[in-house]
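Let me begin by presenting the structure, written as structure tokens, before commenting on it.
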Amino acid sequence: MSDQYVKVQVEQMKSFGEDAEKEGVDTEEQVPGSSPSASVSPDHPTSTDASSTSLPCKQTGKSRSKPGREDKRHTSDVASQDSVVSSEKNLNRLGYERTLQVKGTGKILQRKSEPNGNYVTIHTSKNIEEMRREEGFKLAKKRRPVTVDTSKAKTSLEALKISIKQLKWKEFPLGRRTACDIYWHGVSFHDNENIVSGQVNKFPGMIEMLRKINLSRAVRTMQELFPEEYDFYPRSWILPEEYQQFTTQIHMVKEKDATVNPTFIVKPDGGSQGDGIYLIRDPSDLKLMTGSQAKQGVVQEYIQKPLLIDKLKFDIRLYVLIKSLEPLEIYIAKEGLTRFCTELYQEPSQKNLSHVFMHLTNYSLNVHSGNFVHSDSQSTGSKRTLSSVLYRLAAKGVDIKRVWSDIIALVIKTVIAVVPELRVYYQADIPPGKPGPTCFQILGFDILLMKNLKPVLLEVNSNPSMRIEHEQEVAPGVFEYVPSPVDEEVKVGVIRDTLRLMDPGNKKPTVPQQRAGGFEQGEEIPMEEETQEKSQDETGTLPSLCLKQVYPKYSKQFNYLRLVERIAALFIRFLGVKGNMRLGPTAFRTFIRTCKLSGSNFTMASVDILYIDITRRWSGATPDSREAGMGLQAFVEAFFYLAARRFKSLALREQVVSLLELCESQLGPQSGVEERRSLSCSRALPRTVKTQAPCLANPQLSSPAPLRRAASQDYRHQRFKPRSLRANVEN
């Protein structure tokens, strides 16, 4: 390349820069293949060194160097000019494009050096937003479609197919030999045992944790620590082992006040779709046996004063996405369903206890009622959208923001209650360092609003029905599935936006969760004005996300509740062998010694007795366990006992916090594991707390939990009866 050519190119660039200065522009360069945003955004300069582009223009002037440095500067000038010549060759060969953004106009000036190098063209381009949109289309076009294995999807298949089609992803209905990005299971994590990568829409252990008994135990533990925060769950007794406590308490209440005649609802442990649920007013009405086998289940206090619409009882089905356990991320669908009873409500009496269409809101029961109304409208019929119900309540002056705030708090607190056990299941199925998928899951929360608008948790379904059609009798005795507009409106949006959030192409750096302590106990969630969630869709063809993040968004208000998770972290740390879910006697002794919890008043012999006693009583509680030993719930009970023994003058919650801090200080941080939380609940919460169980309706009834804990401190318990684990079906 001749010196004359270099001179011409330099003069062109110089004049171009002078013109730009007159127009008031910012110069930006984009090397072909760099980020598209770099060429259009003034806030994101490119990584290209600015001196390399400005060097030729500046080097044409006279040198101002001192005489002593003239030789060095000359050598530098020669080298720089050589590099300019070389770069001009490459840029001209590639059709190098230089863009300049005119301040305040949203316009781009473009200069393109043609391969022949003879001329430069400058023109005004489209505005920035149009260019960004075009770049988005190009990216979406070039990007490999996300692959979804739907071979195990079962009844959610139709909604899933619609969602995949809307996202323009690729479905594999018969599976795929090579790995898919997302696997959609219909029942459990173990529907497909051969997954070593990607993402699965089920967590291991979720079915077991959300059975009636395990959920009641998990919430009960939290009620002992935080009675006022967990007063949204009805008082429960576990059958058959707490039958005597239940009977005794009911008789005591009736003897004290003959006018009190509470109603209770009995739910089988593994039941679904309303199967096996019935109401009683006397313990003698309990059906405890099925043949020669004891029935496992829970009996709960019945909510006698629910909120009514059109004189009908109803409940809310709210869809909640747990996006990850570590860190904990929770999303709530902005739209849900309301399921109505089909018989006008009356407070329970001996005459109407058997009227299931009056007292039970389950869709699978009421759909068989002659009064059930299938409607294409979202605001009428026996199944309606949640927004239509909230609109009616708002028209009557109800503070909907407050209701939503309470519902969000209920969801977050419930998830916090079940997460500790889920972590144990997760590390057993996918130990750290072992190849395996990541997990997410959509849960179905069934919530009842009381007459005073207080939300009450009825149950949580690990497999909420995602059908978008319903069964209808088209001729006498002839039934077929027909589309349900209300179901499709809600469920397709939930599945589609769950997939969008789990899109492997949209993975973002994890935002550290805020530490607790920013809000006082019981403070209301600050509900800002509803803002449109930004869509992660490059093409702009999809609506904004219908899923709203509530955690870690509101973590400041709820981190202080995560005490049992810290206990679970200790438990997992001493499990030893990967895949274990239970502590052996040696591991429990190691825990005691490492945390320095033994002494002259509590010898290792006493430790062994404690381990044997608690383990023996809990051995029948989880018959599906993979090995003998102490499970997490048994370990929590032992931990509470140790805390009460060591810090006798404190309340239970402060005892637990003090023992946690002692153990964590002895152990120190564990490499590769999340830094333990430094929050002390004794600093964030008042020192005096109530120890009695929460009360929803009848203050004279107390939970059996404190009795169970008290008995554990004497090492006296009745052996729990084994539960039969049945495959969970959709609810």
### Query
Rounded to the nearest 0.5 Å, what separation is found between the CZ atom of Phe203 and the OG1 atom of Thr438?
8.5 Å
### Query
Are side-chain heavy atoms of Leu307 and Leu453 found at a separation under 4.5 Å?
yes
### Message
Looking at Val373, is its backbone amide N or carbonyl O close enough to the side chain of Ser382 to form a donor-acceptor pair, meaning the two atoms are under 3.5 Å apart?
### Response
yes
### Task
Mind listing the closest non-hydrogen atom pair of Val460 and Leu457 along with its distance?
CG2-CD1, 3.9 Å
### Query
Can you tell me how far CZ of Phe172 sits from CD1 of Ile182, rounded to the nearest 0.5 angstrom?
12.5 Å
### Query
When rounded to the nearest 0.5 angstrom, what is the spacing between CD in Glu459 and CG in Leu443?
12.0 Å
### Query
Rounded to the nearest 0.5 Å, how far does CZ of Phe226 lie from CG of Leu561?
5.0 Å
### Query
Among side-chain atoms of Gln378 and Ser388, is any donor-acceptor pair under 3.5 angstrom?
no
### Query
Counting N and O atoms only, with roles assigned by atom type, does the side chain of Ser236 sit under 3.5 Å from a partner on the main chain of Pro234, one being a donor and the other an acceptor?
yes
### Task
Show your working on side-chain contact (heavy atoms from CB on, under 4.5 Å) between Thr414 and Phe232 and close with a plain yes or no.
CA-CA 10 Å; Thr414 303; Phe232 56 81; 3.4 Å; yes
### Query
Stepwise, does the salt bridge (Lys or Arg N to Asp or Glu O under 4.0 Å) test hold for Glu171 with Lys165?
CA-CA 9 Å; Glu171 178 194 1; Lys165 186 176 181 180; over 6 Å; no
#### Entry: Intermediate values then yes/no, salt bridge (Lys or Arg N to Asp or Glu O under 4.0 Å), Asp191 and Lys154
CA-CA 11 Å; Asp191 285 357; Lys154 298 188 182 296; 6.0 Å; no
### Check: Ser188 main-chain N/O paired with His185 side-chain donor or acceptor under 3.5 Å
yes
### Message
I need the minimum non-hydrogen distance between Glu329 and Pro552, along with the two atoms involved.
### Response
CG-CD, 4.2 Å
### Message
I want to check something: taking the side chain as every heavy atom from C-beta on, are Ile442 and Met466 in contact at a cut-off of under 4.5 Å?
### Response
yes
### Message
Please verify the inter-ring angle class for Phe264 with Trp237; under 30° counts as parallel, over 60° as perpendicular, anything in between as tilted.
### Response
perpendicular
### Query
In Å, rounded to the nearest 0.5 Å, how long is the span from NZ of Lys548 to CH2 of Trp404?
9.0 Å
### Minimum heavy-atom distance Lys212-Ser216, with the two atoms named
O-OG, 2.8 Å
### Query
Side-chain donor-acceptor pair under 3.5 Å between Trp169 and Thr147, yes or no?
no
### Message
For a 4.5 angstrom cut-off between non-hydrogen side-chain atoms, does Arg339 reach Asp315?
### Response
yes
### Message
Treating Asp497 as the side-chain partner and Cys546 as the backbone partner, does any N or O pair qualify as donor plus acceptor under 3.5 Å?
### Response
yes
### Query
Judged by atom type as modelled, is there a donor-acceptor pair below 3.5 Å linking the side chain of Gln427 to the main-chain atoms of Val424?
yes
### Task
Evaluate the salt bridge (Lys or Arg N to Asp or Glu O under 4.0 Å) criterion for residues Arg317 and Asp446: first the C-alpha distance (whole Å), next the side-chain angles of each, then the deciding distance (0.1 Å), finally the verdict.
CA-CA 5 Å; Arg317 165 58 62 86; Asp446 291 346; 2.6 Å; yes
### Task
Apply side chain to side chain donor-acceptor pair (under 3.5 Å) to Glu326 and Tyr426, showing your working.
CA-CA 11 Å; Glu326 190 58 54; Tyr426 195 90; over 6 Å; no
### Query
Are the side chains of Pro420 and Glu565 in touch, meaning some heavy atoms are under 4.5 Å apart?
yes
### Query
Is there side-chain contact between Thr385 and Glu335, with heavy atoms separated by less than 4.5 Å?
yes
### Query
For Trp184 and Asp149, what are the C-alpha separation, side-chain angles and deciding distance, and is it a side-chain contact (heavy atoms from CB on, under 4.5 Å)?
CA-CA 6 Å; Trp184 197 274; Asp149 183 334; over 6 Å; no
#### Entry: Ring centroid separation Phe340 to Phe372 under 6.0 Å
no
### Query
So, does Arg176 use its side chain to make a donor-acceptor pair with the main chain of Ala179 at under 3.5 Å?
yes
### Query
Side-chain donor-acceptor pair under 3.5 Å between Tyr345 and His359, yes or no?
no
### Student check: side-chain heavy atoms of Cys341 and Phe357 closer than 4.5 Å
no
### Task
Check whether NZ of the Lys or CZ of the Arg Lys413 lies under 6.0 Å from the centre of the six-membered ring of Phe558 and within 45 degrees of that ring's axis.
no
### Message
One pair to check against salt bridge (Lys or Arg N to Asp or Glu O under 4.0 Å): Arg392 and Asp310. What are the steps and the verdict?
### Response
CA-CA 11 Å; Arg392 285 190 61 175; Asp310 299 330; 3.1 Å; yes
## Note on the structure
Taken to the nearest 0.5 Å, the spacing of Thr498 OG1 from Leu501 CG works out to 6.5 Å
### Task
Please confirm whether the backbone N or O of Leu365 pairs with a side-chain atom of Ser369, one donor and one acceptor, at under 3.5 Å?
no
### Query
For the residue pair Pro204 and Tyr425, what are the closest heavy atoms and their distance?
O-CB, 3.3 Å
### Message
I'd like to know if the side chain of Thr150 reaches the main chain of Ala153, judged simply by a donor and an acceptor atom lying under 3.5 Å from each other, with no hydrogens or angles considered.
### Response
no
### Query
Are Val486 and Arg384 side-chain neighbours, meaning at least one heavy-atom pair lies under 4.5 Å?
no
#### Entry: For Ser462 against Met206, the heavy-atom pair lying closest together
CB-CG, 3.9 Å
### Message
Between Asn461 (side chain only) and Asn463 (backbone N and O only), is there a donor and an acceptor less than 3.5 Å apart?
### Response
no
### Task
Report yes or no: is the cationic atom of Arg467 (NZ for Lys, CZ for Arg) closer than 6.0 Å to the six-membered ring centre of Tyr481, at no more than 45° off its axis?
yes
### Query
If every non-hydrogen atom of Ala394 is compared with every non-hydrogen atom of Ile400, which pair is closest and at what distance?
CB-CG1, 3.6 Å
### Query
Asn362 and Ser364: side-chain donor and acceptor closer than 3.5 Å?
no
### Task
Give me the ring orientation class for His374 and His470: parallel if the planes are under 30° apart, tilted from 30 to 60°, perpendicular past 60°.
parallel
### Task
Using side-chain contact (heavy atoms from CB on, under 4.5 Å) as the criterion, point out the one residue from Leu410, Ile332, Ile316 that pairs with Phe445.
Leu410
### Message
Pair Ile495, Ile162 - check side-chain contact (heavy atoms from CB on, under 4.5 Å), show working.
### Response
CA-CA 9 Å; Ile495 292 179; Ile162 294 174; over 6 Å; no
### Query
How far apart are the C-alpha atoms of Ile330 and Val320, what are their side-chain angles, what is the distance that settles it, and do they pass the side-chain contact (heavy atoms from CB on, under 4.5 Å) test?
CA-CA 7 Å; Ile330 308 170; Val320 174; 3.7 Å; yes
#### Entry: Pair Ser377-Ser379, side-chain donor/acceptor within less than 3.5 Å
yes
### Query
Does the side chain of Lys202 come within less than 4.5 Å of Val187's, by heavy atoms?
no
### Message
For the backbone of Lys287 and the side chain of Tyr278, can you confirm whether one donor and one acceptor N or O come within less than 3.5 Å of each other?
### Response
yes
